Structure formats: C-alpha cells, structure tokens
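Computed over heavy atoms, backbone and side chain alike; hydrogens, waters and symmetry mates excluded. We name chains A, B, ... by the order of the sequence lines, and we start the count at 1 in each one. Note that the structure is predicted; figures quoted are calculated from it, not measured.
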2 protein chains.
Amino acid sequence: MEVTGSSGGAAAVGPCAAIPAEHMAFIRTVLDRVGDKWSLLVIAVVESGPLRYTDLQRQVPGISQRMLTLTLRQLQEDGLITRTAYAEVPPRVEYALTPLGRGLHEIVTSLIGWAADHHDEIREHRARATAA
Amino acid sequence: MEVTGSSGGAAAVGPCAAIPAEHMAFIRTVLDRVGDKWSLLVIAVVESGPLRYTDLQRQVPGISQRMLTLTLRQLQEDGLITRTAYAEVPPRVEYALTPLGRGLHEIVTSLIGWAADHHDEIREHRARATAA
DNA sequence: CGGTATCCCCTCTGATACTG
DNA sequence: CAGTATCAGAGGGGATACCG
C-alpha cells in the first residue's frame with residue numbers, strides 16, 4: 001500500500017512531525033495486525049502460560065473457531081507466538097508467546113490497563129455525546 | 001485495575017487469568033475503537049499540536065475525507081480529542097488531544113516505537129513463513 | 001481435540017459529488 | 001476550508017458442517 005504521494009510540494013514541516021514518512025507504510029502493516037478484531041485479545045490472554053487451543057477459545061469470549069485459527073496463524077507467522085503440537089492421542093497443541101511477542105504483550109497490557117483505568121471516563125463521555 | 005504485575009502467576013484458573021470477565025466487554029469496546037483503521041494514526045499525529053482538518057488529512061497518508069471526519073468524531077465522542085471551530089472566513093477548525101487522549105497517545109507512541117524497533121524482525125518472520 | 005472448508009451477510013471503507 | 005451525502009465494492013468475520 002503505497003501511500004498517497006506527497007506530490008513534491010512544500011511539505012515544509014515534513015509529512016509528519018512524529019512519524020517519518022518512510023516508516024508510515026510499515027506502521028500501517030503493524031497497526032493492521034494490531035487492529036484486527038482479535039489479535040490483541042489473544043496476545044493478552046496467551047501470556048498466562050502455554051495454552052491449548054480450547055483454553056484460548058474459552059478465555060477469549062466470543063471468538064469463533066475460524067477466527068481463533070486465523071489469528072493464531074497470523075501471530076505465529078509474525079513470530080509473536082509459538083505453536084507446539086504433541087503427537088499424542090488425544091492431540092494436544094500449545095501456544096505461547098515468543099520473546100518478541102512478550103515485548104508486544106507489555107504494550108498490550110498497558111493499553112488494557114489504560115482502558116480499564118479510564119473505563120468510566122470514556123463511558124461518561126460517550127453517554128454525553130449520545131445524549132446530545 | 002493493575003494488570004502489569006501478573007506475569008508468572010502460574011495457576012490463576014478462572015475464565016481468564018489476566019482479565020476479569022466483567023471487564024472483557026469494555027475492553028472489547030476500547031479495542032474496537034483502537035482497532036479501527038485510522039484512530040491510532042490520527043492520535044499519533046494530532047499530538048504535534050492543534051491541527052486543522054486539512055493538516056490532518058495531509059499528515060495521515062491515504063485517509064479519505066469521509067474516514068477522517070468519522071474518526072475525528074468518534075475520538076471526540078470518547079473524549080480523546082477536542083474540536084474547536086472558529087467563526088471566521090474562511091472557516092478554521094482545530095483538533096487537539098485532551099488530557100485523556102494524551103494518556104492514550106503515550107501508549108500509541110510505545111506501540112509505534114515497538115513496531116519500528118522490530119520492523120526487521122517481523123518482516124523476516126513473515127518472509128520465512130510465506131516462503132515455507 | 002484441534003482444526004478445515006464453505007457459505008454468506010454486513011460492516012467498513014473508498015470514490016465521487018455536492019454544500020455552508 | 002471543512003465538511004456532508006450517497007453509492008458501490010471488498011473482505012472481515014460469524015454460523016455451520018465436516019475431517020484426522
């Protein structure tokens with residue numbers, strides 16, 4: 001996704017003060033991953049130790065098998081979690097955070113912490129906005 | 001709710017070790033907001049001072065008028081940004097972070113920082129996964 | 001148990017055109 | 001300048017059924 005070319009013009013102050021244009025594209029790809037409906041929740045939950053498929057499905061309320069599978073695969077492809085299958089009967093598969101994933105998990109944790117801390121504040125704002 | 005220190009807590013049975021079920025629903029609503037395609041980017045960018053509509057559109061590459069307007073309205077309803085319209089000709093409207101928004105901005109910043117730091121690592125993982 | 005495969009809807013998003 | 005209105009398309013995501 002090549003962003004709209006800043007067609008040469010002024011852009012005097014730079015395209016974005018905080019974010020170099022060259023990084024924008026990649027930031028988007030990370031934000032897209034982060035921004036899908038389930039990734040952050042899965043990362044938040046998988047921290048509590050190696051978890052089995054079914055455990056994850058139980059701990060992430062509302063996720064469908066399809067989305068759990070897809071999300072896990074994506075996270076795995078990004079190197080954020082590991083998948084370990086044990087050749088047993090019945091089958092057992094465990095998912096865990098990689099070191100890389102743990103780094104992201106910390107941020108996710110602050111995000112969730114922030115959400116929890118400002119729960120009421122946001123709710124109040126939304127209510128007032130809706131009322132008006 | 002302080003989530004940060006929960007690492008290592010082995011047992012922690014229950015529905016979800018880190019996240020009380022009662023908070024899950026609200027976390028979802030915050031994650032949904034965070035997870036839409038543009039909110040985080042707008043928050044990242046609006047930090048650099050009160051910005052006008054057009055400035056935002058220029059600094060967030062690829063955003064359409066429609067999505068910029070929608071995103072701004074949502075953020076405003078959540079109390080994360082302020083909208084100030086000056087009754088002038090030509091019209092001028094400025095957007096800025098609220099204190100609440102600044103709190104989220106810090107997290108967004110770490111997220112973007114993390115993304116930038118592990119850019120190569122993730123890219124490599126993805127490449128290897130695609131190749132295989 | 002731990003997935004795949006399929007269908008299908010519905011939302012999110014972009015493009016375009018118009019307005020105060 | 002700072003939006004609003006409308007339309008159309010793509011694909012994310014849920015429900016269901018089936019497989020190793």
Side-chain angles (χ1 to χ4, degrees), chain A residues 1-5 7 9-10 24-25 28-42 45-46 49-78 81-96 129, chain B residues 24-25 28-42 45-46 49-78 81-96 129:
Chain A
M1 155 197 170
E2 200 37 44
V3 283
T4 5
S7 37
M24 263 297 187
R28 262 256 60 93
T29 74
V30 172
L31 256 38
D32 282 346
R33 178 72 71 256
V34 158
D36 67 31
K37 197 172 177 183
W38 300 108
S39 293
L40 288 188
L41 233 27
V42 169
V45 155
V46 82
L51 287 181
R52 306 178 59 165
Y53 187 88
T54 314
D55 294 328
L56 287 166
Q57 196 169 16
R58 211 166 26 81
Q59 295 201 11
V60 180
I63 198 170
S64 62
Q65 281 194 327
R66 170 191 167 79
M67 289 321 295
L68 180 54
T69 302
L70 255 51
T71 302
L72 288 170
R73 184 150 46 207
Q74 296 266 21
L75 293 176
Q76 192 192 343
E77 284 174 1
D78 285 359
I81 63 172
T82 58
R83 192 194 110 114
T84 315
Y86 299 90
E88 305 174 353
V89 174
R92 179 165 57 104
V93 179
E94 289 187 339
Y95 295 91
Chain B
M24 263 299 187
R28 261 255 59 93
T29 74
V30 173
L31 255 37
D32 283 345
R33 178 71 71 256
V34 158
D36 66 30
K37 198 173 176 184
W38 300 106
S39 292
L40 288 188
L41 232 29
V42 168
V45 155
V46 82
L51 287 181
R52 306 178 60 164
Y53 187 89
T54 313
D55 294 327
L56 287 165
Q57 196 169 17
R58 209 166 28 81
Q59 296 201 12
V60 180
I63 197 169
S64 62
Q65 281 194 325
R66 171 189 167 78
M67 290 321 294
L68 180 54
T69 301
L70 256 51
T71 303
L72 288 171
R73 183 149 49 206
Q74 297 265 26
L75 294 175
Q76 191 192 344
E77 283 175 2
D78 286 0
I81 62 172
T82 57
R83 192 194 109 113
T84 315
Y86 299 90
E88 305 174 353
V89 174
R92 179 165 57 104
V93 179
E94 289 188 340
Y95 295 91

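Within the 4.0 Å cut-off from OP1 or OP2 of D:dA2, at least one side-chain nitrogen or oxygen of B:Thr54 is found. Within the structure, a side-chain polar atom (N or O) of B:Tyr95 is placed less than 4.0 Å from OP1 or OP2 of D:dG3. At C:dG3, none of the side-chain N or O atoms of A:Thr69 fall inside 4.0 Å of OP1 or OP2 (strictly under the cut-off). Dashed line: the shortest gap from a side-chain N or O of B:Arg52 to OP1 or OP2 of D:dC1 is not under 4.0 Å.
If you check C:dG3, D:dA2, D:dT4 against the side chain of A:Arg83, the one that comes closest is C:dG3. When distances are taken from the side chain of B:Val93 to each of D:dT4, D:dC1, D:dA2, the shortest belongs to D:dA2.
Rounded to whole angstrom, the span from the CD atom of A:Glu94 across to the P atom of C:dC1 amounts to 14 Å. Atom CG of B:Asp32 is separated from atom P of C:dT11 by 13 Å (rounded to the nearest Å).
A:Tyr86 comes within contact range of no nucleotide atom at all, as no heavy-atom separation falls under 4.0 Å.
Residues B:Arg28 and A:Lys37 form a side-chain contact, since some pair of their non-hydrogen atoms from C-beta on lies under 4.5 Å apart.
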Strictly under 3.5 Å: I want the nitrogen or oxygen pairs between protein and nucleotides 13-17 of chain C, one per line.
from	atom 1	to	atom 2	distance (Å)
C:dT13	OP1	B:Lys37	N	3.3
C:dG14	OP1	B:Lys37	NZ	3.3
C:dG14	OP2	B:Trp38	NE1	3.3
C:dG14	O6	B:Arg66	NE	3.4

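Partners of A:Glu94 under the salt bridge (charged side-chain N to carboxylate O under 4.0 Å, His left out) rule, at least two apart in sequence or in another chain, are A:Arg92.
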